[in-house]
Amino acid sequence: MVHPLKEEEMKEHETVSHKPEAKYSYTAGQALSAFLLGLKQGKIIGRKCPKCGRVYVPPRMYCEDCFYPTSQWIEVQDEGIVMTAVASFISWTRDRLEEPEIVGTIRLFPSSARDYVYPGLFHRICCSFDDVKTMRILGKMVKAKWRPQEKRVGSVDDIECFEVI
Amino acid sequence: MKTNLKYRKVAAIGAGMTQFRRRVLDTPQEMAWEASRKALDEAGLELKDIDCVVIGSAPDAFDGVHMKGEYLAHGAGGIGKPVSRVYVGGATGVMTAISGWYHVASGMCKKVLAVAEEKMSPGRPHPQAVFRYIWDPITEKPLNPNLIWIFAMEMHRYMFVNKVSKEEIALVSVKNKRNASNNPYAQLGGEITVDDVLRSEVLVWPVQLLDVSPVSDGAAAMVFVDGDIARRYTDIPIWVEGVGWTLDNTSWPGRELAYPRYLENAARMAYTIAGIERPQKEIDVVEPYDPFDYKELHHLEGLLLARKGEAPLLLKEGYFDRDGEIPSSPSGGLLGVGNPIAAAGLMKVISIYWQLKGTAGKMQVKKPVHTGVAQAWGDLMQASTVIVMRN
Ligand SMILES: [Zn+2]
């Protein structure tokens, strides 16, 4: 049940319209700055914990388990396994999308199917809605499709998507 | 975890709720007051009897008012008293009860009013937009994610690993909306079919409109008191016997999503305190957090009430029905009652409280109940809160 107020009635009421100038300059920090520079060069860079060996992608300067500094930059492969994939028919403001946007998470190599935590990325996946709907894409091996070097700016967007190899 | 923890016994003796509705005309403060007044009335207390107040509310951005703890304080009876606000994302509602518990258990307060409120409908164009700032600004936000994406990702992973179909998951929505038709506070109770779910609008495949709980406004409140004085106010105190809460990291893209280990940790903590060794045998009724239908199954497994991947099968057999072995979401859950985030979590605790007290009315489950569990979950598949109560 919905309240008696209808969408049109909401518009008849006094509403406070205000666009706050709430713009943020986020800092990427030590680990992610190196990660972003790596992407610009077509590399996916992580950090390894000297104590437990866990590899963090995206990288982190400390190990959350051991609570010691990670010590080593490591380049992982730009290939991995699709852990999950979805097809979005709505935008972030919940507007309807004509063509679905397909995203998912990728477990990058080196890693094993038994790992609960692994080097992993959230990204777009270049495949069809049908590949998602039939779950064909889940478990598939994929590789990063890099934007041309001159177009890379040091952002996760330097990878266009992950596609099946 | 130690079992010989030294703390005071804590009883729940009163609860109150507003109806959960979309676009409620009352302010958040008015809603908090209504729920608080009803909880005091059920407990037979006046505000002057209350020593401490706990307020639970999720992101300020939903109601569109910053400092919501302070903002809600007078509606929640907090003026001139020690007030604290708790916030652990979607897990806030049960954390509000847990926080109420430790205010009393510690010996600091004898009588606590715990109040949770959320107004989801004011945000424009849609409350979804409010979630823009939960993502990692460097690695995730450039991809313009919306909140349903990650839940769809978790749902699809759960389906893939455990070979679960959308039809099996839709049965949760059918069950909970049916249960909600017995709940006078519910927004979306009714009879729907698996087909209705499968034919509803596709939001983010595999999530469709009827897989998701509705946008709602609401408030809920409970009164917790020291065990030594509980029987002055009621013949049927409901005891808080175990609490647990844990957090996982924000790195959800680098974690197995098929199983919520953060919930298992929280559940084990609560069960250890409550002395529960075989959850499936000892728990009579459960309110797992169900903002999405698959989440109830996911959470029943994390609560150790079903083996990994086994919850859909048990559901199909009627194990979690209102007249089943372990009735699950007899209130109708978030899917049926509505999802004003923090209030929805405390609603789950209240549902168990009323079940154990035997005052759940038409919602009362068929079997006699002695031990009940409520659970909530939130953030980037991270936070879980669990409470065990007994009569
Ligand atoms: Zn380590």
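Since this is a predicted model, take the numbers as computed values, not measurements.
Between A/Thr84 atom OG1 and B/Ile150 atom CD1 the span is 11.5 Å, to the nearest 0.5 Å. Between the CE atom of A/Met83 and the NE2 atom of B/His156 there is a distance of 14.0 Å, given to the nearest 0.5 Å. Rounding to the nearest 0.5 angstrom, the gap separating the CZ atom in A/Arg60 from the OG atom in B/Ser251 is 4.0 Å. Atom CD1 in A/Ile137 sits 10.5 Å away from atom CZ in B/Phe160 (nearest 0.5 Å). In this structure, B/Asn144 CG and A/Arg124 CZ are separated by 9.0 Å, a value rounded to the nearest 0.5 Å.
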task = Output, in order, the C-alpha distance, side-chain angles, deciding distance and verdict of side-chain contact (heavy atoms from CB on, under 4.5 Å) for A/Leu36 and B/Ile138.
result = CA-CA 9 Å; A/Leu36 295 176; B/Ile138 308 296; 3.6 Å; yes

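Remark: the backbone N or O of B/Arg261 is paired with a side-chain donor or acceptor of A/Tyr116 at under 3.5 angstrom. At least one donor-acceptor pair under 3.5 Å links the side chain of A/Tyr118 to the backbone N or O of B/Arg255. Remark: the backbone N or O of A/Ile90 is paired with a side-chain donor or acceptor of B/Asn146 at under 3.5 angstrom.
Contact annotation for A/Arg114: neither backbone nor side-chain heavy atoms come within less than 4.5 Å of a heavy atom of chain B. Residue contact with chain A, scored on non-hydrogen atoms closer than 4.5 Å, involves the side chain of B/Asp136 exclusively. Neither the backbone nor the side chain of A/Leu108 has a heavy atom closer than 4.5 Å to any heavy atom of chain B. Heavy atoms closer than 4.5 Å to chain A are found in both the backbone and the side chain of B/Met159. At a 4.5 Å heavy-atom cutoff, A/Tyr56 makes no contact with chain B through either its backbone or its side chain. Both the backbone and the side chain of A/Ala87 come within less than 4.5 Å of a heavy atom in chain B. Proximity to chain B involves both the backbone and the side chain of A/Leu138, based on heavy atoms less than 4.5 angstrom apart. Proximity to chain B is absent for every atom of A/Ser111, based on heavy atoms less than 4.5 angstrom apart.
Most heavy-atom pairs under 4.5 Å with chain A, from the set B/Pro206, B/Pro145, B/Gly254: that is B/Gly254.
No more than 12 heavy atoms of other residues, nucleotides or ligands sit less than 6.0 Å from atom CD of A/Glu98. Atom CZ of A/Phe67 sits in a sparse spot, with 12 or fewer heavy atoms from other residues, nucleotides or ligands closer than 6.0 Å. Annotation for A/Met61: atom CE counts as buried by contact number, over 12 foreign heavy atoms lying within 6.0 Å. Counting heavy atoms of neighbouring residues, nucleotides and ligands inside a 6.0 Å radius, atom OH of A/Tyr68 does not exceed 12 of them. The number of heavy-atom neighbours closer than 6.0 Å to CD of A/Glu75, taken from other residues, nucleotides and ligands shown, is above 12.
Counting all heavy atoms, side chain and backbone alike, A/Thr105 lies closest to B/Pro253 at CG2-CA, 3.8 Å. When all heavy atoms of A/Val86 and B/Trp205 are compared, the closest pair comes out as CB-O, 3.2 Å.
Classification of the B/Trp149-A/Phe122 ring pair by plane angle, with boundaries at 30° and 60°, yields perpendicular.
At a threshold of 4.5 Å between non-hydrogen side-chain atoms, the residues B/Met153 and A/Val103 count as touching.
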